[in-house]
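Encoded as structure tokens, the structure appears first; notes follow it.
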Amino acid sequence: MCSQHLRRILVPLSNPAHSARLVDQVLTQAITNGLSHATPTWNCILRAYSNSPTPIKAILIFNHFFIKKSSNIPDNYTYPVLFKACSCSLSLLPMGKGLHAHVTKTALDSDIYVGNSLIHFYGRMALFTDARVLFDKMPFRDVGSWNTLMSIYNDFSDSGEVLILFKQLIFEGIVADKITLVILFSACARLEKLHYGKTVHCYATKVGLEYMLNMENALLLMYAKCKEMDEALRLFDEMGSRRNIVSLNILINGYIDMELVDLAREVFDEIVDKDIVLWRSMMHGCVKAKQPEEALELFKKMIDEGVTPDEEVMVSVLSACSSLSNLQYGRLVHRFILQNNITQDAFVKTALIDMYSKCGSLEEALVTFYKTDCKDVVTWTTMIEGLANYGLGNEALRVFYQMERKGIKPNEATFVSVLAACRHSGLITEGCQLFRRMGGVYRVQPTIEHFVCLVDLLSRAGLLYQAEEFIKIMPAEDKFISYKALLSACITYSEFDLGKKVANNMMKLGNQSHEAYVLLSNFYALEGHWTEVAEARRNMKELQTRKKPGNSIIDLKHY
DNA sequence: AGGGTTACCC
């Protein structure tokens, strides 16, 4: 096959896997017959590989046919393709940097395409300052340069930066294109900046840019994420036959976000050709809406329809098993994962550990945990939480210290689990120590959950006055719920004076004071102080607040 | 001989 012919068929080929297969054949021919290509033809081959499922091949071929055989000289068309291939894996950072040096030496970095692909490459490597410096130093920039930088910030760093860049773009007199607007709407969706997005929408309508599917989808997403479903639906109708499966998915996720699963399901059921993303969304929606049975039913349906589940679907299925506490199902799902060669990434592993501990098999949870190589903070936290729920406080702490030794930084949730472990097992010294470590060493800002844990730990141990002192230093908005925990403890330990003081403090806090009266009257009742019970009830009536029946029982059980 | 960078849903 001659070079010209090869190029003519490679260029329009849209299926990356197909073109890569074709290129494989051409390459074998080239190697066996010693056929040499001109740089444009090589560029074509490299491009086919960089778009294929195995972009690394582009790099390998470049190393073999350009670096080793220096008869081929890369040009300004070669480098963008290579940088794109290098963007696919973090391990290719040194390779990309080497190519960058080469580009600078040969002065090809003034080429806009080369520059843009370099920005993209550094952005994908999470080296945002490098990307930014390159952008600022470019002798010539086009809309593409701006789009590249903006999309990098949007996808991997800070969406707020996109809005700042857009302002700058307008200021410099650059004309935004459709892609700029897609990125901008997507940033507005993430930031939930409805007003800003609407203004840009008007601008887009004025310049007549609005009819482009991706842009309409980005807009749709923006309205859905901002919970403006009326506006989203209006746009959806307006799109008419232009809408696609992505538009439907946005709508479904919008309903799910607003806790309208039934509406989401209605849209879902109408769709004939469902792709994996739709199944993923719908199953996640069921799990989120506490409908685990429906999630499992959907899973069966999905398999029946011949759709291959992915890792994210399996996470939803496992979490459905967890909330049903159905160990049999859970084990079946585990077996399914093994039999269908589904990658057990950190997410799947964590879901398995969570499932086993919530379904009552701590042994299997532990086995899965210790068999996991890729443990992240969430994996460790899930295991700690599991142990804590089994009342194995000391074991939970041991796992926590093990995690620290491995150099994994605990987060907010980790401390909730580990403090809960202390609380369940009455580990007072450890709990207080960990609480100090949280702020002092790890700079994790304590939240209401941490406070409640600690107050509860102290109160249950009968250290009620320490708990009260502790609440005094808490932020005002967290005090009420902590006082509630303390008051319950006062009831348990018959600490009449402190209880009265706590109840008074609660009432001073304002709006939720009816709850304070309910607890207070229960408190007096237990103490047999019936006059005070009557007084508390009277005060409650004066507040014109009525408690819902049974509420106080739940409150007491809970704390 | 004559080719490219940047975009939507999880």
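Side-chain atoms are counted along with the backbone in the values below, which use heavy atoms only and exclude waters and symmetry mates. We name chains A, B, ... by the order of the sequence lines, and we start the count at 1 in each one. Not measured: the values here are computed from a predicted model.
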d(OH, A:Tyr49; P, B:dG3) in whole Å: 21 Å

All pairs passing salt bridge (charged side-chain N to carboxylate O under 4.0 Å, His left out) where residues 113-138 of chain A contributes a residue, at least two apart: A:Arg132-A:Asp136, A:Arg132-A:Glu161

Going by distance alone, is a donor N or O of one side chain under 3.5 Å from an acceptor N or O of the other, for A:Asp354 and A:Thr382? no

Compute the ring centroids of A:Phe236 and A:Tyr223, then answer whether they are less than 6.0 Å apart. no

Looking at A:Ile73, is its backbone amide N or carbonyl O close enough to the side chain of A:Thr39 to form a donor-acceptor pair, meaning the two atoms are under 3.5 Å apart? yes

Is the A:His100-A:Phe121 ring centre distance short of 6.0 angstrom? no

With side-chain hydrogen bond (donor to acceptor under 3.5 Å, both in side chains) as the test, would you mind laying out the steps for A:Asn411 and A:Thr414 before giving the verdict? CA-CA 5 Å; A:Asn411 63 18; A:Thr414 318; 2.8 Å; yes

Is the ring centre of A:Trp279 less than 6.0 Å from the ring centre of A:Phe299? no

Going by number, which of residues 126-153 of chain A have a non-hydrogen atom under 4.0 Å from DNA chain B? A:Gly144, A:Asn147, A:Thr148, A:Ser151

Check the side chains of A:Asn249 and A:Asp275 for a donor-acceptor pair under 3.5 angstrom, ignoring hydrogens and angles. no

Note every stem involving DNA chain B: at least three consecutive Watson-Crick or G-U wobble pairs, i with j then i+1 with j-1, with both distances under 3.5 Å. none

Expressed as a whole number of angstroms, how long is the span from A:Tyr223:OH to B:dC9:C1'? 18 Å

Please check the phosphate of B:dC10 (OP1 and OP2 only) for any side-chain N or O of A:Asn253 closer than 4.0 Å. yes

Under 4.0 Å, counting only non-hydrogen atoms across every strand here, what does A:Val246 touch: a base, just sugar-phosphate, or nothing? base

If I take atom CD1 in residue A:Ile179 and atom C1' in nucleotide B:dT6, what distance separates them, rounded to the nearest angstrom? 6 Å

More than 12 non-hydrogen atoms from neighbouring residues, nucleotides or ligands closer than 6.0 Å to CD on A:Glu449, yes or no? no

Under 3.5 Å, is there a donor on one side chain and an acceptor on the other for A:Thr148 and A:Asn116? no

Using a heavy-atom cut-off of 4.0 Å across all strands, would you classify A:Asp177 as base, sugar-phosphate, or nothing? nothing

For DNA chain B, the residues among residues 108-118 of chain A that have a non-hydrogen atom under 4.0 Å from it: A:Asp111, A:Tyr113, A:Asn116

Determine whether any donor atom in the side chain of A:Asp75 lies under 3.5 Å from an acceptor atom in the base of B:dG3, or the reverse, and answer yes or no. yes

Give the rounded distance in Å between these two atoms: CG of A:Leu221 and P of B:dC10. 6 Å

Given the rule in the ring pair (Phe, Tyr, Trp, His ring centres under 6.0 Å) test, do A:Phe135 and A:Trp146 qualify, once you have shown the distances and angles that lead to the verdict? CA-CA 8 Å; A:Phe135 176 84; A:Trp146 290 86; 5.0 Å; yes

Atom CG of A:Leu82 and atom C1' of B:dG4: how far apart are they, to the nearest Å? 12 Å

From CD of A:Glu312 over to P of B:dC9, roughly how many Å is that when rounded to an integer? 13 Å

When you measure from the side chain of A:Lys225, which nucleotide among B:dC10, B:dG3, B:dA7 comes out closest? B:dC10

Think A:Lys84 has a side-chain N or O under 4.0 angstrom from the OP1 or OP2 of B:dG4? no

DNA chain B-proximal residues of residues 268-283 of chain A, any heavy atom under 4.0 Å: A:Val277, A:Arg280

From A:Ile59 atom CD1 to A:Leu82 atom CG, the distance as rounded to the nearest 0.5 Å: 5.0 Å

How close or far is atom C1' of B:dC9 from atom CD of A:Glu216, stated in whole angstroms? 15 Å

For the atom pair CD (A:Glu192) and NZ (A:Lys227), what is the distance rounded to the nearest 0.5 Å? 6.5 Å

Does B:dT5 have OP1 or OP2 under 4.0 Å away from a side-chain N or O of A:His120? no

Donor + acceptor pair across side chains of A:Lys84, A:Asn51 (<3.5 Å): yes

More than 12 heavy atoms of other residues, nucleotides or ligands under 6.0 Å from NZ of A:Lys375: is that the case? yes

Could you pull out the closest heavy-atom pair between A:Phe369 and A:Thr379, with the gap in Å? CE1-O, 3.9 Å

More than 12 heavy atoms of other residues, nucleotides or ligands under 6.0 Å from CD of A:Gln445: yes or no? no

Hey, does A:Leu248 reach any base, or is it just sugar-phosphate, or nothing, if we go heavy atoms under 4.0 Å? nothing

Near DNA chain B, counting only heavy atoms under 4.0 Å, which residues of residues 286-297 of chain A show up? none

Rounded to whole Å, how long is the line connecting atom CZ of A:Arg47 with atom C1' of B:dG3? 5 Å

